[in-house]
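One structure is given below, encoded as structure tokens.
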Amino acid sequence: MLVWDDHVHALGVAEMDATHFEFTALVNSLAACDDAEFAALFEKLLEHCRLHFTSEGRLMRISRFPALNEHEGEHHRIYGDLVQMNRAVQRGRLMLPRAFVKQGLEEWFTLHLASMDAALAAHLKRVGEARVDMSGGLPVLM
Ligand SMILES: [Fe+2]
Ligand SMILES: [Fe+2]
């Protein structure tokens, strides 16, 4: 089970933290739901991931994040896996997707958050601070 823990999961960038909180909540709902609810929730997870990865892609571009290709490559890989799983789910084949949600996806998230997302958050904070130094204003990324 993926229990949200500020000390482990919060990266200090509000937009990313809100998205990651939503991700953990969705994964937990999927892990706990019955078969009748699974397909609709899985579609929700897919849509969440599309927005999640688009949002991080935007943050990477506006801040000129150096590891953009590597990070987006990883997003595309896991999204491709989810799209494939969703085909099985929509045909009522839930065994593999259920196992994936409980193990693969949790493991992927924990590792991805601690590596690529943490690097992006650290970069965003550095860029934000640099802008504050220059303008004396609020740390807003434009
Ligand atoms: Fe993320
Ligand atoms: Fe990411």
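One-based numbering, in listed order, for ligands and for the atoms of each.
Among heteroatoms of the N, O or S kind in E56, OE2 lies nearest the Fe ion (ligand 1). Looking at H75 and the Fe ion (ligand 2) together, the shortest N, O or S contact belongs to NE2.
A distance of 5.5 Å separates NE2 in H75 from CG in D117, rounded to the nearest 0.5 Å. Between the OG1 atom of T110 and the NE2 atom of H9 there is a distance of 5.5 Å, given to the nearest 0.5 Å.
Residues W4 and L105 do not share a hydrophobic cluster, defined by chaining ILVMFWY side chains whose heavy atoms lie under 4.5 Å apart.
The distance between the ring centers of F109 and H20 falls below 6.0 angstrom.
With the Fe ion (ligand 2) as the vertex, atom OD1 of D117 and atom NE2 of H71 span an angle of 80° (nearest 10 degrees).
Taking 2.8 Å as the criterion, H112 does not count as a coordinating residue of the Fe ion (ligand 1), since none of its N, O or S atoms falls below it.
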